[in-house]
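Heads up, the thing below is written out as structure tokens.
Numbering of residues begins at 1 and proceeds along the displayed sequence.
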Amino acid sequence: MEENIERNNNEYEIIVIGAGHAGCEAGLIASRMGKKTAMFCTDIESVAMMPCNPSIGGTGKGHLVREIDALGGEMGVNTDKTLIQSKMLNTSKGPAVHSLRVQSDKRCYHEEMLKTVKNQDNLDVIVSEVVDLLIEESNVEKDIENEEKTISRKKVIGIKTADGRKFHSKEVIICTGTFLGGKIFIGDEVTLSGPAGMKPANEFGENLKKMGFDVRRFKTGTPARMLSDTIDYSKMKEQKGDENIVPFSFLNEDKNFDIEQISCWLSYTNETTHKIILENIEKSAMYSGNIVGVGARYCPSIEDKVSRFKDRKRHQLFVEPEGRDTKWSYIQGMSSSLPLDIQHQFYASIPGLEHAEIIRPAYAIEYDCIDPTTLKPSLESKLFEGLFCAGQFNGSSGYEEAAAQGLIAGINAVRKLNKETPLILGRDQAYIGVLIDDLVTKGTNEPYRMMTSRSEYRLLLRQDNADRRLTELGYKYGSVNNDRYDRYQKKKKRVDKEIERLKRVKIDLKLLKRFLIKYECENKSNEISKEIIARRRSDIEEMNNQVLADILARPSIKYVDLAEIDNNMPSLSINEQAVVEVMIKYSGYIKKQKTEVEKLHNLERKKLNEKIDYNSIRGLRIEARQKLTKIKPLTIGQASRISGVSPADINVLLVYLEKNRREK
């Protein structure tokens, strides 16, 4: 398939602007759901590009990738194809925060995704810069709150490219990443540029401002890339991948990943590093006043770390290979906007990097994005009908956050085209739901990053059960195909059947005593006191009528341990075993969280019409009126999460709804 294609006189059903992680997910899911889709990019090299870290997943982010996969997205599948190292994070903590993180081959990730989008039916990849949206005035509506008023809606009907061509569509999805008004900063040197030196989209950004978008400036950064052969790894600590590779995609649970993993390396800054940075900090674009954009709080530059945490004598950094067939290494944790000569000095002060050659210097990039509270929970714009927005354009940071939004925007663009209700995930259903609700309800004043701490229901939203939470829903909404759904149903039956079996099968008391003494006393003898061991032995002596589920519920017992006393264990995948184990061990906590979720649902069931005139509701405070008018919440639950809306305001809204109900 050629990149520059014009189908049916430039007529499409859905157009996606941008081909990064958000754009690829949006374009793929829209075309897979049967819509003729065009995906525009300024450079074919920008397709699924990794301009920053060559990794996918991590704390909180790994959950997003699993959820993308469970809903029929591509990121997990592509990551499994291109991994060079895999590691499960936070395994010393509870299952709610276990997060998979994978080092990908940067070049291969781009090439594999490019191959996927170019071979996808119904999807055209068009290399052309988008400079404007095509808008038409939609039919005038009556305001249901005030019949004397009318509402005029503007609808997006396509896009215009830099060469003057016009492409028409029913829906448009903006996924521009950091290209809008992009500026790169290295000390006093300022370059108009998108990520990795690509051409920025300046004209499109300016036209969006003229159309009334609330545009703000955000900033992100990236560290230096170094020549691997010039790094002294003997002065660093090796970081190997896990022996058993856990895939991101649920489709690959039975796959044997027989690959050679590539190590990362750990080193630290020191007082000399910090001295060099502090003595030259005014030369940093962040501290000289050149950068006006707001940076990510949870991904600070090395200047920020050294300046804000002056009591710390060192900061860790990781040397991460960018691929199997490249000698480029990414210096994780060392982003900077200091001049190149200063970068040479402070990098050379770090053990192992004394003689390392910088191939590409660290830089900061500033770009335009919008206020996400101007979006509906479906990610459709409140300003323009038929316009959906996703990724860093919405104020988020990271590949995973972008891909998650792109997937939902793509699904909902199709749903709107079909005149169907949008897919809106609740905070109790998915981290994707938390991500989007945070953005469109609370907004963000800095690049938003997903973390497990943002979720109130972490134990329900584990990465191991993402398919149980979302695949059936994806099938219902059209994003999950028959093959994936059938595989999920078979897996669900195996897991449910095993949980029921464990709750039913009793174990011989003598065999049980020997087993528990081995696993709860002997294996822990070096860690616990003799008194505790004696107490446990006493507890075991009093046991009777124990079923396998009771034994697995004990903290020190794992599912695989049961093989010693259970001759009828079925053959389950590692993921299936994990789901069985967690559902039994944490059943009490899970039940408690589900009770809390039901309270949330009571508020979410109380719907608010987006055309309510909040200024006419007596009893609402001025701030609440302003915030409610701007955000237009769809439910009382969403209204309660808006900053500036108090419990008293919620009570006023409840009274208002009840009054309307009685009048009708």
Atom pair [atom1] ([X]) and [atom2] ([Y]), whose distance is rounded to the nearest 0.5 Å:
X: E189; Y: S337; atom1: CD; atom2: OG; answer: 12.0 Å
X: R462; Y: S455; atom1: CZ; atom2: OG; answer: 12.0 Å
X: I631; Y: Q638; atom1: CD1; atom2: CD; answer: 7.5 Å
X: E111; Y: D105; atom1: CD; atom2: CG; answer: 8.0 Å
X: M49; Y: R107; atom1: CE; atom2: CZ; answer: 11.0 Å
X: K255; Y: D80; atom1: NZ; atom2: CG; answer: 6.5 Å

State, with a plain yes or no, whether a side-chain heavy atom of [X] is found less than 4.5 Å away from one of [Y].
X: Q429; Y: L473; value: yes
X: R468; Y: Y488; value: yes
X: C264; Y: P321; value: yes
X: V130; Y: I174; value: no
X: Q120; Y: T37; value: no
X: N53; Y: E320; value: yes
X: I370; Y: C389; value: yes
X: F185; Y: S193; value: no

side-chain hydrogen bond (donor to acceptor under 3.5 Å, both in side chains) evaluation trace for S228 with S329: CA-CA 6 Å; S228 304; S329 283; 2.8 Å; yes
Minimum heavy-atom distance between [X] and [Y], given as atom pair plus value:
X: S86; Y: V102; result: OG-CG2, 3.9 Å
X: A404; Y: L64; result: CB-CD2, 4.4 Å
X: G58; Y: S99; result: O-CB, 3.2 Å
X: L180; Y: G205; result: CD2-N, 3.7 Å
X: C369; Y: Q392; result: CB-O, 3.4 Å
X: L123; Y: V117; result: CD2-O, 3.6 Å

Residue among E171, E13, E385 satisfying salt bridge (charged side-chain N to carboxylate O under 4.0 Å, His left out) with K416: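 Among the candidates, only E385 passes.
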Evaluation steps, side chain to side chain contact (heavy atoms under 4.5 Å, CB included), between I358 and R225: CA-CA 6 Å; I358 295 177; R225 272 61 162 185; over 6 Å; no
For the [atom1] atom on [X], are there more than 12 heavy atoms of other groups (residues, nucleotides or ligands in this structure) within a distance under 6.0 Å?
X: K219; atom1: NZ; value: yes
X: K376; atom1: NZ; value: yes
X: L417; atom1: CG; value: yes

From CA spacing to verdict: side chain to side chain contact (heavy atoms under 4.5 Å, CB included), I184, V190: CA-CA 6 Å; I184 282 181; V190 182; over 6 Å; no
Determine whether the side chains of [X] and [Y] contain a donor N or O and an acceptor N or O closer than 3.5 Å.
X: T82; Y: E112; result: no
X: N482; Y: Y475; result: yes
X: Q405; Y: N394; result: yes
X: Y12; Y: D124; result: yes
X: D163; Y: T161; result: yes
X: N575; Y: K491; result: yes
X: K632; Y: N609; result: no

F167 ring center within less than 6.0 Å of F40 ring center: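 Judged by ring-centre distance (under 6.0 Å), F40 and F167 do meet the cut-off.
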Between F393 and F218, ring centroids under 6.0 Å: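 Distance test on ring centres: not under 6.0 Å, no.
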Residues forming a salt bridge (charged side-chain N to carboxylate O under 4.0 Å, His left out) with R427, sequence neighbours excluded: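 Counting only residues at least two positions away or on another chain, R427 forms a salt bridge (charged side-chain N to carboxylate O under 4.0 Å, His left out) with D437, D438, E456.
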Parallel, tilted or perpendicular, as decided by the 30° and 60° cut-offs, for the rings of H21 and Y109: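 Answer is tilted, since the angle falls between 30° and 60°.
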CA sep, side-chain torsions, deciding dist, call: K106, D325, salt bridge (charged side-chain N to carboxylate O under 4.0 Å, His left out): CA-CA 10 Å; K106 181 175 180 175; D325 300 319; over 6 Å; no
Worked check of side chain to side chain contact (heavy atoms under 4.5 Å, CB included) between F204 and I159: CA-CA 10 Å; F204 188 40; I159 58 95; over 6 Å; no
Ring-face cation contact, Y367 with R217, 6.0 Å cut, 45° max: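 Ring-cation test returns no.
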Cationic tip of R454 above Y448 ring, under 6.0 Å, 45° of axis: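 Yes; both conditions hold, so R454 lies above the ring face of Y448.
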R469 and D464: CA distance, side-chain angles, deciding distance, salt bridge (charged side-chain N to carboxylate O under 4.0 Å, His left out) verdict: CA-CA 10 Å; R469 293 184 278 116; D464 63 79; over 6 Å; no
Criterion salt bridge (charged side-chain N to carboxylate O under 4.0 Å, His left out) on E129 and K199, from CA distance to verdict: CA-CA 9 Å; E129 181 186 352; K199 182 183 177 184; 2.9 Å; yes
Side chain to side chain contact (heavy atoms under 4.5 Å, CB included) evaluation trace for I365 with T222: CA-CA 8 Å; I365 183 168; T222 189; over 6 Å; no
